[in-house]
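Before any comments, here is the structure.
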Amino acid sequence: METNKVRVARVNLEGKASPFDPDHLVFAPGDLGAILEWTVTGKDGKVREHRVVKSRSYVRQFFDLLMVQMNSVSELVPATIRDTGNIDREICVSALNFACNAVANTDSYGIQVGIGNTAPTISDCKLQTQIAHGSGAGQLQYGGVTFGLPTSDATQSHFTVTRNFSNQSGNTITVYEIGLVVKGDIPEPWQVWKTNIAVQYNFLTIRDVIAAGINILNGETLTVNYRQVANV
Amino acid sequence: MRTLLTLERKNGNRQLQERRQQGSRSFTQYLMELLYICHAQIQYAAGRGVYQVDGGYRAIDSQYLTGNNARANRNTLIVAAPAGNGQVWVSGESVAGGSSASLTPGVQSLLPGELIGIQLGSSNQVVTPQDKYLVSRLPHGQRTPVSPAVSLDAVTTGDNNQFYTGSGNWNGLYIIAKRQMVISSIKLLLYRNGTPGIITLQVLSAYSVSGTSIGLSTLLASATTNGDTLPTGAPYEWREFVLSSPVLMLPGMGYHIRISPAGTGAVYWRANYTTNIAYTTYPRTWNTMGSYPQYYVLLYDLIGTTPREIEYGACEVSGLSVVNPNASFIIRRLFTNNSGGDVTVRECGIYAGSSWSPSGYSGSFPLCICRDVVSPDIVVANGEVLAVTYRPQITV
């Protein structure tokens with residue numbers, strides 16, 4: 001009798017996994033961090049690659065923005081934070097800080113991917129070499145950022161930030177770096193009213209390097225999930 | 001990110017008596033909720049349901065006023081705070097449609113400093129991600145514990161009028177607590193007309209919506225009394241309502257106490273009627289049908305207990321250090337015991353100031369983003385100082 005082998009994508013885990021739930025990476029009590037998960041899906045919808053790793057780290061801009069919110073830094077004496085253009089920007093407390101809800105075709109913030117493979121440093125302010133949005137050579141089409149609602153269980157609470165990257169460039173693209181970029185709001189204390197609420201700057205908060213790279217064949221889609229986790 | 005928790009106890013001469021360091025257990029689900037609403041820019045219509053630190057239900061969001069008048073000055077993660085009774089301005093939304101040159105926060109866009117930042121408590125209940133408050137919070141101040149229950153907050157004189165409540169209607173007062181209290185019963189000066197039947201009293205968490213409006217959320221406790229046994233006139237009666245369960249009231253937080261008669265008669269609640277209402281005179285009538293006869297100051301007497309107090313210093317967020325591959329900063333607060341006796345600390349945590357502001361009128365509330373159990377207990381003697389420091393650290 002002929003049997004058809006079912007091709008199952010191999011799931012690779014890196015990090016300490018629970019023996020009771022191998023898909024559940026273990027954070028130590030008190031950890032606050034992120035799980036980076038990616039899936040490469042073919043044109044036929046079949047998953048070719050699925051990996052889950054513990055994100056290497058937040059970078060300093062995460063703390064810079066957190067302290068702006070925690071201190072309620074005013075427009076009068078703003079904080080200075082380096083943006084993804086490597087320029088120091090004045091930032092104050094705002095309901096807009098930490099926004100990463102980028103829409104489709106917007107590559108300036110939200111989850112970003114790139115081809116740089118230099119190891120992360122705490123002061124990284126941008127991806128080393130970002131892959132731009134588009135369907136041209138070396139480009140990926142950035143989908144809109146979506147979110148999984150916060151939830152919690154006996155030891156952990158978390159929510160997920162997700163983005164799809166579609167390869168319509170005609171050739172294989174290899175992703176070596178992934179990051180999360182968020183908004184920061186500028187003060188305008190000299191204005192009677194704030195005239196340009198839409199202008200903010202972009203700040204890198206997480207950067208990961210994937211040493212082996214992620215190959216995305218032409219026509220395939222890379223889905224990236226950052227799941228931010230707090231463990232007690 | 002790991003967080004180091006350091007507790008240092010010093011005597012009256014500021015000499016170190018004890019130092020503890022432990023990994024914080026620590027950040028709860030509400031830190032995730034606050035990061036989520038910022039990342040996703042959640043709007044008011046789809047706000048996330050959370051419970052503030054006295055159990056009142058709130059919805060949080062990142063919406064700000066639209067248009068060129070908006071400054072988006074809403075904050076949802078304030079941790080730095082002044083000492084004790086110092087005020088923290090949590091939300092600075094300007095009035096809808098007006099120039100933001102005049103930021104005019106309502107009273108409940110302010111919170112007392114003690115409710116923001118590092119907190120102390122006396123319970124060693126195990127930490128869970130779902131913790132919404134310290135189980136037995138120690139309040140700010142110098143006072144000794146009050147127990148058994150006594151009158152803690154009251155307006156008992158000056159009545160020259162009364163507020164009518166007919167069958168099936170709800171009327172009551174809106175107060176902002178001036179100190180932390182656990183209320184076990186409430187006395188109201190009442191009389192009746194006809195047969196009001198069973199009178200139900202409810203205590204609800206409440207918050208400002210606009211200058212003359214409040215919103216109601218969680219029912220915290222209730223009680224009943226037989227209204228048919230009330231007098232029909234002077235000298236009236238201070239009727240005591242024993243609550244179904246004790247209600248924790250926190251300073252700077254709003255509460256609505258209301259009554260409703262079930263019978264065909266009516267109940268009258270004695271009040272002071274005056275048009276000269278000071279801005280901070282908050283025991284005011286509130287008709288839950290929507291109107292607001294603000295010139296009645298209803299008489300009331302809140303009876304309960306309070307724990308021993310410890311003085312909350314300012315909470316600082318500072319000390320950013322960035323040396324590759326690490327970055328860290330500190331959140332620190334000093335607590336001074338001038339209560340005359342020992343203060344036993346078994347838990348600590350962090351309350352963050354958050355806000356709700358769909359139309360330019362802000363209500364603020366604290367959310368618990370962190371809780372730790374301190375083991376073994378730390379006993380802070382009278383005259384001693386306890387320094388609590390959280391140091392979050394990230395490493396690439």
Side-chain angles (χ1 to χ4, degrees), chain A residues 28-33 56-60 62-64 66-67 69-72 74-75 92-101 119-124 145 147 149-159 161 180 182 185 187-188 191-197 207 228-232, chain B residues 1-3 23-33 35-36 38-41 48 62-64 66-80 88-90 94 99-101 127-131 317-318 320 322-329 331 352-353 371 392 394-396:
Chain A
D31 268 358
L32 191 153
R56 282 296 298 275
S57 187
Y58 296 100
V59 292
R60 70 162 292 166
F62 175 72
F63 272 3
D64 288 330
L66 198 61
M67 291 181 74
Q69 297 298 93
M70 287 186 168
N71 275 316
S72 197
S74 78
E75 294 182 84
C92 63
V93 66
S94 171
L96 295 161
N97 290 346
F98 282 107
C100 63
N101 55 334
T121 71
I122 196 69
S123 296
D124 284 353
V145 175
F147 300 88
L149 294 176
T151 186
S152 64
D153 60 23
T155 58
Q156 202 176 82
S157 51
H158 60 83
F159 69 94
V161 184
L180 180 64
V182 304
D185 197 15
E188 293 185 10
Q191 300 282 0
V192 173
W193 61 78
K194 199 166 186 180
T195 56
N196 210 344
I197 199 75
R207 178 172 178 258
Q228 302 201 48
V229 174
N231 220 51
V232 298
Chain B
M1 180 175 91
R2 304 300 308 279
T3 302
S24 171
R25 280 303 296 264
S26 92
F27 291 104
T28 63
Q29 62 178 353
Y30 285 159
L31 178 62
M32 292 292 104
E33 290 280 358
L35 279 176
Y36 166 73
C38 294
H39 277 333
Q41 289 293 286
R48 294 287 298 166
S62 282
Q63 184 166 331
Y64 58 93
T66 57
N68 287 336
N69 291 334
R71 301 191 86 82
N73 259 346
R74 287 198 48 220
N75 201 340
T76 54
L77 236 175
I78 293 184
V79 172
V88 179
W89 184 21
V90 178
S94 42
S99 164
S100 65
V127 174
T128 73
Q130 293 79 27
D131 284 351
V317 178
S318 63
L320 178 65
V322 181
V323 180
N324 193 48
N326 302 311
S328 68
F329 68 95
I331 305 170
R371 180 173 173 263
I394 53 177
T395 302
V396 292

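Below, chains carry the letters A, B, ... as their sequence lines are ordered, and counting in each starts from 1.
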Heavy-atom pairs under 4.5 Å with chain A - which of B/Thr28, B/Val127, B/Val322 has more of them than the others?
B/Val322
Please determine, by modelled atom types, if A/Ser152 and B/Gln29 share a side-chain donor-acceptor pair under 3.5 angstrom.
yes
Expected output: side-chain B/Asn324 to main-chain A/Thr121 donor-acceptor under 3.5 Å
no
Could you label the plane-to-plane angle of the B/His39 and A/Phe159 rings as parallel, tilted or perpendicular, counting under 30° as parallel and over 60° as perpendicular?
tilted
Segment of A/Val145 engaging chain B (4.5 angstrom heavy-atom cut-off)
neither
Using heavy-atom distances under 4.5 Å, tell me whether B/Arg371 contacts chain A through its side chain, its backbone, both, or neither.
neither
Is the closest side-chain heavy-atom distance between B/Leu320 and A/Met67 below 4.5 Å?
yes
Quick one: what part of B/Ala40 sits under 4.5 Å from any heavy atom of chain A, side chain, backbone, both or neither?
both
The reported gap from OG1 in B/Thr395 to OH in A/Tyr58 (rounded to nearest 0.5 angstrom) is 13.0 Å
Heavy atoms of A/Asn97 and B/Cys38 approach each other most closely as O-CB, 3.5 Å
Which atoms of A/Asp64 approach chain B - backbone, side chain, both or neither, heavy atom under 4.5 Å:
side chain
Considering only heavy atoms, which portion of B/Asn326 lies under 4.5 Å from any heavy atom of chain A: side chain, backbone, both, or neither?
backbone
A/Asn71 side chain to B/Val317 backbone, donor-acceptor under 3.5 Å
yes
Turns out that what part of A/Ala99 lies under 4.5 Å from chain B's heavy atoms comes down to both
Under 4.5 Å from any heavy atom of chain A, what part of B/Leu35 do you find: side chain, backbone, both or neither?
both
On a heavy-atom basis, the closest approach of A/Ala230 and B/Phe27 is CB-O, 3.6 Å
Any donor-acceptor pair under 3.5 Å linking the side chain of B/Gln41 with the backbone of A/Ala95?
yes
What are the two closest non-hydrogen atoms of B/Pro129 and A/Asp153, and how far apart are they?
CG-O, 3.4 Å
Based on non-hydrogen pairs under 4.5 Å, which of A/Thr151, A/Leu149, A/Leu180, A/Asp124 is most in contact with chain B?
A/Leu149
Given 3.5 Å as the limit, does a donor-acceptor pair link the side chain of B/Asn75 with the main chain of A/Ser94, or not?
no
Can you measure from OH (B/Tyr36) to OG (A/Ser157) and round to the nearest 0.5 angstrom?
14.5 Å
Under a 4.5 Å heavy-atom cut-off, does chain A meet the side chain of B/Leu31, its backbone, both or neither?
side chain
